[in-house]
Structure formats: structure tokens, C-alpha cells
Amino acid sequence: MPDRQPVEVQEGTPVCALPARGRVRCSGFVDSVTILPPGRAPEFSAIITDVDKYLLPVPGGAVRPGVTANGKQNHRIRVIWLGRRRVPGIAPGTRLRFEGMVALRDGLPTMFNPRYEIIGKQEI
């Protein structure tokens, strides 16, 4: 039986280096998700960041939004799935690799209906 080699994840464009518009492949961590009420058109959105805030130690004081515990800027992109109320496996803390067209919407880079992969965490 051959030895298993670790699989290297192709990161693509970092969230901090996204263009204003164009096709990109990117990866990051789900920071938050928004689920709309039943009376509205189905739409599931997630904010993806380049830093997993759930792995950061929380110092004695609160951390400013958008800045990690070590002081680095935490860049964000909004990913929206139209026509879906939920996307299985997408929850805060999940690592994703996604690809699609990015454009600015309400001042935030946004991608609609991206092609995506959930990247699992390795067990030790």
C-alpha cells in the first residue's frame, strides 16, 4: 500500500488581492452567514475572510472588527447563492475554495453562485 502524501491546497488569489471585477479563484474562511426570512426571495450569503477568527486567541480586550488579534487587516468578500435558503456544509469557521466572477456591490467584493469546494480540517 503506497504512503499517503499530504495534499497541497491551491490557494489562488488571496482575499486581500481581489480585483474590482473579473474571474478569480480564491480561498478563505466563512466568517458569518445570513439567512433571509421566508417572505423574501431565497438567497443565502456568507462573508469569507482570509483569516479564521475561530482559531485566534482572544486577548483580554475586544478586537476591532476587521482586524485580527495579531493586528493584521482581515479582508472580506461576500458570496451569495441565489435561489437557495441554505447551502449544506457552509457554516462559520468552514474553509472554502471558490471560483467565479467578482464585482463590487455596496462597497464589498461580491460573488454570485460561485463554484466551491469545502476544504476539510486535518486531524492530528
Side-chain angles (χ1 to χ4, degrees):
M1 188 168 184
D3 291 336
R4 289 187 147 185
Q5 298 296 322
V7 177
E8 188 173 319
V9 177
Q10 296 175 346
E11 300 298 326
T13 305
V15 176
C16 63
L18 289 173
R21 56 180 29 203
R23 178 167 285 286
V24 295
R25 169 180 248 159
C26 193
S27 68
F29 297 91
V30 178
D31 185 59
S32 63
V33 296
T34 302
I35 302 168
L36 296 178
R40 301 223 6 222
E43 175 183 303
F44 181 84
S45 69
I47 300 294
I48 312 292
T49 64
D50 50 3
V51 177
D52 187 0
K53 73 177 184 181
Y54 296 99
L55 293 180
L56 294 173
V58 179
V63 177
R64 290 179 302 154
V67 177
T68 64
N70 61 6
K72 290 185 179 177
Q73 183 67 28
N74 190 5
H75 301 278
R76 305 177 311 157
I77 180 172
R78 180 188 301 122
V79 178
I80 299 174
W81 287 271
L82 298 172
R84 302 191 68 174
R85 296 230 179 256
R86 295 213 187 262
V87 177
I90 307 293
T94 303
R95 185 169 183 204
L96 292 178
R97 180 175 34 236
F98 51 97
E99 179 180 356
M101 294 297 289
V102 66
L104 284 177
R105 179 179 177 214
D106 300 328
L108 191 63
T110 303
M111 188 180 292
F112 290 93
N113 296 328
R115 184 178 288 175
Y116 71 96
E117 296 176 63
I118 296 173
I119 301 171
K121 295 179 182 175
Q122 290 189 358
E123 296 181 23
I124 296 175

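Note that the structure is predicted; figures quoted are calculated from it, not measured.
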**Report entry** Distance (rounded to the nearest 0.5 Å) between R95 CZ and I118 CD1
**Finding:** 13.0 Å
Query raised in the report: F44 vs W81 aromatic rings, parallel, tilted or perpendicular, using cut-offs 30° and 60°?
Result: tilted
**Report entry** Side chains of F112 and L82 in contact at under 4.5 Å (non-hydrogen atoms)
**Finding:** yes
Query raised in the report: Got P14 and D50 here, is their nearest side-chain heavy-atom distance under 4.5 Å?
Result: no
Query - Considering all heavy atoms, the nearest A91-V33 contact - result: CA-CG1, 4.5 Å
Report summary line: Between V79 and P114 the two heavy atoms that sit nearest each other are CG1-CG, 3.2 Å
**Report entry** Residues, nucleotides or ligands: over 12 heavy atoms within 6.0 Å of R21 CZ
**Finding:** no
Requested in this report: Would you check if there is a donor-acceptor pair between the side chains of T110 and R78 at a distance under 3.5 Å?
Outcome: yes
Query raised in the report: Between R86 and I35, is any pair of side-chain heavy atoms under 4.5 Å apart?
Result: yes
**Report entry** Separation of R97 CZ from S27 OG (nearest 0.5 Å)
**Finding:** 7.0 Å
Query raised in the report: Mind checking whether V51 and V15 have side chains closer than 4.5 Å, heavy atoms only?
Result: no
Requested in this report: Indicate the atoms forming the closest heavy-atom contact of L18 with P109, along with that distance.
Outcome: CD1-CB, 4.3 Å
Report task. Go through the steps for Y116 and V87 under the test side-chain contact (heavy atoms from CB on, under 4.5 Å), then give the verdict. Result -> CA-CA 11 Å; Y116 71 96; V87 177; 3.1 Å; yes
Query raised in the report: Are the side chains of E117 and L96 in touch, meaning some heavy atoms are under 4.5 Å apart?
Result: no
Query raised in the report: Within a strict 4.5 Å, meaning less than it, do heavy atoms of the V102 and I77 side chains meet?
Result: yes
Query raised in the report: Quick one: are P88 and R84 in side-chain contact, heavy atoms under 4.5 Å?
Result: yes
**Report entry** I48 side chain reached by D31 side chain, heavy atoms, under 4.5 Å
**Finding:** no
Query raised in the report: Which atom names give the shortest non-hydrogen contact between P19 and V24, and what distance separates them?
Result: CD-CG1, 3.5 Å
Requested in this report: Heavy atoms only: give me the nearest E99-M111 pair and the separation to one decimal.
Outcome: C-SD, 3.7 Å
Requested in this report: Find the distance between OG1 (T49) and CZ (R76) and round it off to the nearest 0.5 Å.
Outcome: 9.0 Å
Requested in this report: Check I90 against A46 and note the closest heavy-atom contact, atom names and distance.
Outcome: CG2-CB, 4.3 Å
Report summary line: One should read off an interatomic distance between F98 CZ and C26 SG, to the nearest 0.5 angstrom, of 4.0 Å
